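See below for the structure under consideration.
Remember, it's a predicted structure, so these values are computed and weren't measured experimentally. Index from 1, following the sequence.
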Amino acid sequence: ENTSKRAQQEQLNTMVQVVDNYIDGAFVPPVGNEYMDVQNPADGSLIAKVALSGAQDVETAIQSASTALKGWSKMTMKARVGIMLKFHSLINENAKALAELIVLENGKNFNEAMAEVAKGNETVEYSCSLPQLAQGRTLQVSGQVHCRDSRVPLGVVASIVPFNFPFMVPMWTVPIALVMGNCVVLKPSEKVPMTMNLVASIMKQAGVPDGVFTMVQGTKDSVQAIMEHDAVKAVTFVGSSPIAKLVATKCRGLNKRCTALGGAKNHLVALEDCEVEGAASDICVSFAGCAGQRCMAASVLLLVPGSHQEELVSKLVAKASAIKPGSGPGEMGPVIDGASYAKIISYIQAAEKDGAKLLLDGRPWKETQGRDNWIGPTIIMHSSPKDKTMCEEVFGPVLSIYACKTWEEAIEIENSNPFGNAACVYTTNGANADWFLGQFQAGMLGVNIGIPVPREPFSFGGLYGTQSKYGDMDITGDGGMEFFSNRIKVTSKWPLQRTKRSAEEMSNGKTDHANFAGSM
């Protein structure tokens with residue numbers, strides 16, 4: 001019997017994909033030869049085994065990147081863009097294959113996965129415009145004194161990315177960092193390693209030189225080794241707020257540049273003059289799309305006094321109730337794993353305990369789908385803004401609703417939350433929108449857009465001083481260009497053989513009292 005089980009296991013292992021590290025242009029197993037299982041969140045089936053890397057694997061990867069940096073950073077930016085243009089084209093050619101992997105390992109529906117690939121490739125496209133955006137400045141600042149600046153790469157940089165967008169979030173950083181002349185070490189989420197595994201092969205096909213892009217698989221051990229390595233000059237992180245804070249604190253202590261984006265509790269405010277049908281549709285997509293597993297998802301809907309409250313809530317519940325489980329267009333997939341499911345369930349239970357009313361309960365999906373990872377859209381009407389589920393990040397398809405007495409109460413609730421990622425107002429009145437935009441405390445704001453993601457050249461990031469953002473600058477767009485480069489400033493004066501009279505003539509007879517070059 002044991003022999004039969006071993007044979008079955010060996011046969012199963014040959015059917016699943018092995019995801020190794022990508023170092024120096026080749027896929028290599030971890031030194032310790034340890035792997036962990038990767039499961040399909042929809043049915044729990046084993047779909048891959050991903051490498052568990054340690055400090056030695058990280059060392060090899062960073063050495064490869066450091067060696068490649070010498071040649072890559074000396075290439076012209078236009079030459080690097082030529083490779084990125086080829087990569088952009090190949091992503092378009094492989095979009096369907098990438099989307100299918102995202103559905104398989106993450107659980108999104110196919111339309112959402114295709115949209116993720118398109119949005120990620122949009123950042124690749126933006127990176128191809130950097131020769132027109134990243135050039136330096138020059139200015140004559142005194143009689144014979146000129147100042148100029150130029151951008152130079154940081155060196156070897158690292159990106160640590162989450163499970164919820166296996167392709168898009170890596171593309172927030174990798175193409176911009178590469179075009180700016182850096183070499184990148186990527187640490188994908190161990191829950192969704194297959195998508196970027198294919199991307200590594202596409203990078204190779206596009207002509208990215210060996211070592212310029214490397215990928216180290218694993219969990220916290222590999223992350224720790226990457227952050228602590230002296231050759232890594234900057235780190236980007238996207239994930240939960242507690243880990244984002246730890247990453248930023250660690251990098252600060254090592255004098256590394258770091259941007260670490262954390263969680264969110266995004267508030268939507270529906271005014272009495274909102275367009276009800278459009279608002280209901282947008283709110284539904286915002287909180288239930290991608291199973292609510294995104295930092296821009298709607299989490300709290302605040303209603304202000306007006307005649308449309310009941311109509312808006314009724315339409316919203318009807319639209320959310322019509323969502324079916326699955327991976328087809330308009331359907332909603334599972335959450336990533338059992339731990340996420342248990343956390344989401346605990347917040348629904350906490351709301352019930354606090355006396356809130358469930359307008360739509362998604363928990364029966366577990367029975368209909370036969371697996372813990374499935375939970376349907378859930379809408380909760382709260383009687384207190386202090387309820388736990390109103391205040392903490394749930395990261396699932398759960399929307400809390402609270403009826404405010406005034407506009408000021410809505411702002412007080414939004415402002416008092418420790419997060420500061422996004423907020424939105426639904427209205428048909430521009431003056432009303434402007435009032436709320438001036439009062440919200442979040443980094444990304446929307447008007448009638450419940451997922452107000454900025455698109456290039458605008459950068460992505462929450463508000464400094466909140467649990468949504470730690471470290472330096474924004475990510476993507478012009479924030480990414482700034483993050484992945486150092487500005488070198490040059491001030492120059494070239495001496496000329498001239499008489500005192502000619503020098504006076506050159507300065508038009510005026511004395512520059514701010515010029516201390518060559519004098520004491």
Side-chain angles (χ1 to χ4, degrees), residues 2-65 97-98 100-107 158-167 169-170 184-204 210-211 213-229 237 239 243 334-341 371-373:
N2 289 337
T3 303
S4 175
K5 285 184 178 180
R6 280 197 301 270
Q8 290 176 359
Q9 185 62 47
E10 289 174 2
Q11 182 181 10
L12 179 62
N13 289 344
T14 61
M15 295 169 61
V16 302
Q17 181 178 345
V18 175
V19 181
D20 282 320
N21 296 323
Y22 181 74
I23 300 174
D24 206 25
F27 292 102
V28 295
V31 171
N33 202 35
E34 291 185 49
Y35 293 84
M36 69 179 292
D37 292 346
V38 179
Q39 293 182 330
N40 179 341
D43 60 15
S45 61
L46 180 67
I47 54 175
K49 287 185 172 291
V50 63
L52 289 175
S53 304
Q56 191 171 343
D57 301 294
V58 171
E59 178 66 32
T60 303
I62 294 175
Q63 284 181 2
S64 171
L98 288 166
E100 288 171 346
L101 283 175
I102 293 169
V103 173
L104 178 67
E105 65 180 355
N106 172 269
S159 283
I160 303 161
V161 295
F163 73 84
N164 56 335
F165 287 93
F167 179 78
V169 174
V184 177
V185 178
L186 179 75
K187 211 301 283 183
S189 168
E190 67 278 8
K191 298 176 183 180
V192 291
M194 300 167 71
T195 302
M196 285 306 297
N197 196 60
L198 175 56
V199 171
S201 298
I202 297 172
M203 286 265 190
K204 179 87 169 180
D210 296 347
F213 173 75
T214 63
M215 204 159 53
V216 177
Q217 309 291 348
T219 56
K220 63 180 182 179
D221 289 343
S222 54
V223 170
Q224 192 82 7
I226 289 169
M227 287 193 300
E228 293 178 353
H229 201 288
F237 172 87
I243 306 302
V335 296
I336 190 66
D337 56 23
S340 293
Y341 174 85
R371 180 164 169 76
D372 279 356
N373 294 19

Note to self: What I'd like to find out is whether the side chain of Asp57 reaches to under 4.5 Å of the side chain of Ser222, using heavy atoms alone.
What the structure shows: no
Next item on the list: Report yes if the side chains of Pro166 and Glu105 come closer than 4.5 Å at any heavy-atom pair, otherwise no.
Entry: yes
Notebook entry, point to check: Taking all atoms of both residues into account, what is the closest heavy-atom pair of Gly338 and Asn373, and its distance?
Noted result: N-OD1, 3.5 Å
Next item on the list: Taking side-chain hydrogen bond (donor to acceptor under 3.5 Å, both in side chains) as the test, write out the residues that go with Gln217, two or more places apart.
Entry: none
Note to self: Any non-hydrogen side-chain atom of Asn164 less than 4.5 Å from a side-chain atom of Ile336?
What the structure shows: no
Next item on the list: Just jot down the side-chain hydrogen bond (donor to acceptor under 3.5 Å, both in side chains) partners of Thr214, sequence neighbours excluded, or say none.
Entry: none
For residues 186-193, tabulate all N or O donor-acceptor pairs below 3.5 Å that involve a side-chain atom, not counting sequence neighbours.
{"from": "Lys187", "atom 1": "NZ", "to": "Glu190", "atom 2": "OE1", "distance (Å)": "3.2"}
{"from": "Lys187", "atom 1": "NZ", "to": "Gly218", "atom 2": "O", "distance (Å)": "2.7"}
{"from": "Ser189", "atom 1": "OG", "to": "Lys191", "atom 2": "N", "distance (Å)": "3.1"}
{"from": "Lys191", "atom 1": "NZ", "to": "Asp337", "atom 2": "OD2", "distance (Å)": "3.0"}

Margin query: Can you list everything that forms a ring-ring contact (aromatic ring centres under 6.0 Å, His included) with Phe167? Sequence neighbours excluded, please.
Written below: none
Check: For Tyr35, what residues pass the side-chain hydrogen bond (donor to acceptor under 3.5 Å, both in side chains) criterion, not counting sequence neighbours?
Finding: Asp20
Margin query: Give me the atom names and distance for the closest heavy-atom approach of Gly107 to Pro334.
Written below: O-CD, 3.4 Å
Next item on the list: Rounded to the nearest 0.5 Å, what's the gap from CG on Leu104 to CD1 on Ile47? Could you check?
Entry: 4.0 Å
Notebook entry, point to check: Pairs in or reaching into residues 30-40: which pass salt bridge (charged side-chain N to carboxylate O under 4.0 Å, His left out), with residues at least two apart or in two chains?
Noted result: Asp37-Lys49
Checklist line | Any side-chain heavy-atom pair of Thr219 and Met36 under 4.5 Å | finding: yes
Item checked: Residue pair Val199 / Met196, side-chain heavy-atom distance below 4.5 Å -> yes
Checklist line | For Asp24, all residues meeting side chain to side chain contact (heavy atoms under 4.5 Å, CB included), sequence neighbours excluded | finding: Ser64, Asp210
Margin query: Which heavy atom of Val185 sits nearest to which heavy atom of Ala65, and what is that distance?
Written below: CG2-CB, 4.4 Å
Note to self: Could you report the tightest heavy-atom contact between Pro30 and Asn21, atom names first, then the distance?
What the structure shows: CA-ND2, 4.1 Å
Next item on the list: For Asp372, check salt bridge (charged side-chain N to carboxylate O under 4.0 Å, His left out) against everything at least two apart and list the hits.
Entry: Lys366
Next item on the list: Report the residues that fulfil salt bridge (charged side-chain N to carboxylate O under 4.0 Å, His left out) with Glu228, sequence neighbours left out, ordered by chain and then residue number.
Entry: Lys250
Checklist line | side-chain hydrogen bond (donor to acceptor under 3.5 Å, both in side chains) involving Gln63 - partner list, sequence neighbours excluded | finding: Glu59
Checklist line | Spatial distance of atom CD (Gln39) from atom CG (Leu46) [nearest 0.5 Å] | finding: 7.0 Å
Notebook entry, point to check: Mind checking what makes side chain to side chain contact (heavy atoms under 4.5 Å, CB included) contact with Ala48, not counting sequence neighbours?
Noted result: Gln17, Val19, Val38, Met194
Margin query: Applying side chain to side chain contact (heavy atoms under 4.5 Å, CB included), can you list everything that pairs with Ala200, at least two apart in sequence or on another chain?
Written below: Tyr22, Phe27, Phe213, Met215
